[in-house]
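Worksheet: the structure to be examined is printed underneath.
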Amino acid sequence: MNTDPVWILGITMTKFGKHAGKDVVDLASEAARAALKDAGVSMRDIGVLAAGNLMGSGGIGQQIQKQIGQTGIPVYNVSNACATGATALRTAIMAVKAGEVDYGLAVGVEKLSGAGLLGGGGKAKTQGASWEPSGRFGAVAPTDGRIGTDAMPGTFAQIGMEYGHKYGGATFELFARISEKNHSHSTLNPLAAYSKAMSLEQIMGDVMIAYPNTRPMCSANCDGAAAAVVVSDAKLKTLSLEQQRRAIKVSASVLTSDPWQESCQVLPDVNTLTKNAAKIAYEAAGIGPDDLDLVELHDCFATAELVHYDNLGLCEEGGAVDFFNSGATWRTGKTPVNVSGGLESKGHPIAATGIANIWEVCHHLRGEAGQRQIEGAKVGLAHVIGLGSACGIHVLEKSGL
Amino acid sequence: MRGHYIGGMANQVPLVDYLVLGDAPHLQAHECVNCGARYFDRRNACASCFEDVFKTVSVATEGELTTFTIVTFAAPGVPVPFVSGVVDCDGTSVRTNVINVEASPEHVSLGMKVRLATYSIGTDENGTEAIGFGYEPISAN
Ligand SMILES: [Zn+2]
């Protein structure tokens with residue numbers, strides 16, 4: 001393994017939203033071909049493909065190859081809940097870092113329009129005619145709704161409320177204001193599934209899903225894909241000045257899982273593994289949270305965004321409420337968070353999310369973000385959480401050329 | 001045999017195997033003999049210290065609500081609204097519903113004191129009654 005950095009040479013995301021006429025392979029192929037074009041390379045150059053499609057039937061990587069080029073390279077089909085895209089990218093980065101290949105391609109894709117509630121299962125829970133214990137808890141009947149909730153909105157509601165219990169100040173209105181920020185940011189993002197501003201009254205008055213998360217405070221189910229081409233440092237130096245100028249340095253690529261904590265199997269602990277990943281990422285990149293010009297973090301629910309301000313060290317421990325109230329995370333603030341609109345409005349096609357958030361950061365670092373450009377952005381961070389759990393963090397830097 | 005209790009409580013079965021019925025219903029956990037980590041489901045080894053010797057311990061029946069949500073939209077077949085939460089029972093976190101309380105933010109609060117309560121889930125075709133559990137507020141008066 002060498003210590004030279006790996007670079008993102010090309011990256012793209014499709015529009016997020018409803019793509020009725022396209023299947024997952026169409027969407028993934030569209031993103032992959034656009035990323036190759038953005039990188040200025042072809043499938044002939046790519047040495048490894050890593051791909052993810054969480055809700056699909058498996059083998060998405062080979063299905064994509066059949067549409068964009070079968071060159072016989074190794075394919076890794078990865079699955080890591082909402083961190084699937086970040087895991088695919090990190091797999092490609094590791095192959096380059098290991099010196100096995102010069103170029104890697106990572107793709108994440110999902111079709112989720114109309115998927116409804118995730119986590120609790122979309123189908124009805126049945127119980128038998130007689131009580132028969134089954135599973136690791138010896139349950140005689142379904143436990144979702146009887147012993148807490150299995151569904152994501154309530155799970156993440158509890159994660160936000162737990163923070164409120166520990167540090168105070170985390171009210172329904174506070175969480176709704178976080179959502180108001182992200183919906184406001186989305187108005188500048190033409191690729192977002194929803195790009196309408198919403199007032200605090202509208203957000204708080206919308207359909208309650210799991211208190212304190214109303215519908216617009218939940219990530220939007222939609223279709224979409226994202227893809228990235230990564231390249232070794234040595235190979236990049238042989239490419240055109242324009243390719244070198246637009247290349248984005250991967251200063252840190254980190255994946256963690258949740259270490260054992262007292263209550264982690266009762267309510268998922270999304271905090272410890274994010275804190276661990278952030279610490280490793282800042283050390284690897286040689287930067288601190290104050291150096292970040294923008295952050296895309298995993299706001300699968302408004303209640304989740306709050307805890308990650310703290311987990312990523314953007315604020316003092318326990319200070320997330322005050323940090324948000326200071327205006328720091330608005331696009332005009334000290335540390336803009338989710339200027340894309342976040343998962344609540346940009347949308348959350350699960351396996352695409354972990355690459356799409358990196359595309360957003362790269363877009364700003366390249367100075368190509370148009371009307372939503374964060375001026376002078378040099379360093380950014382992208383974070384995802386997959387329950388179970390997996391945390392992916394990438395720190396990205398402008399080339400300096 | 002499971003579901004048949006000596007002393008008049010015949011033909012009852014707990015919703016989950018870590019709920020102990022009888023005169024003083026309570027939850028039990030598998031506690032790692034080496035490090036003290038507690039688990040409600042069956043274990044192959046301890047996630048904290050990797051040892052594989054466990055003993056059965058009783059979990060305190062009173063505790064403090066450390067987080068909650070009120071679920072108003074759930075998977076088909078799950079009745080709503082219900083209050084889901086986590087109760088800190090003397091250092092052991094328990095996943096539960098908060099029951100015998102109105103499912104509204106005005107009636108449920110972080111830090112509220114609660115205690116274990118059981119209720120009937122229904123009777124199957126063999127006449128066996130399933131018993132569930134939840135935590136109910138310990139009223140202030
Ligand atoms: Zn142990």
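Quick note on labels: first sequence line is chain A, next is B, and so on, each numbered from 1.
When heavy atoms are compared at a cutoff of 4.5 Å, Thr123(B) approaches chain A solely by way of its backbone atoms N, CA, C and O. Contacts between Val94(B) and chain A at a heavy-atom distance below 4.5 Å involve the backbone alone (N, CA, C, O). Tyr119(B) touches chain A through its side chain: at least one heavy atom from C-beta onward sits under 4.5 Å away, while N, CA, C and O do not. Looking at Thr143(A), the atoms closer than 4.5 Å to chain B (heavy atoms on both sides) all sit in the side chain, from C-beta outward. At a 4.5 Å heavy-atom cutoff, Ile99(B) makes no contact with chain A through either its backbone or its side chain.
If you take OG on Ser93(B) and CD on Gln261(A), they are separated by 11.0 Å, rounding to the nearest 0.5 Å. The distance from the CZ atom of Arg136(A) to the CZ atom of Arg43(B) is 6.5 Å, given to the nearest 0.5 Å.
When the candidates Thr72(B), Leu110(B), Asn97(B) are compared by the number of heavy-atom contacts under 4.5 Å with chain A, Asn97(B) comes out ahead. In terms of heavy-atom pairs under 4.5 Å with chain B, the best-connected choice from Met161(A), His165(A), Glu162(A) is His165(A).
Looking at Arg146(A), its side chain never comes within 3.5 Å of a backbone N or O of Gly134(B) through a donor-acceptor pair. At distances below 3.5 Å, not a single donor-acceptor pair connects side-chain atoms of Thr96(B) with backbone N or O atoms of Ile147(A).
The local environment of NZ in Lys275(A) is crowded, with over 12 non-hydrogen atoms from other residues, nucleotides or ligands closer than 6.0 Å.
Counting only heavy atoms from C-beta outward, the side chains of Trp131(A) and Ile121(B) approach each other to under 4.5 Å.
For an aromatic pair to be called close, the ring centres must be under 6.0 Å apart, and Phe137(A) with Phe40(B) fails this.
The aromatic rings of Tyr39(B) and Trp260(A) sit tilted, their planes meeting at an angle between 30° and 60°.
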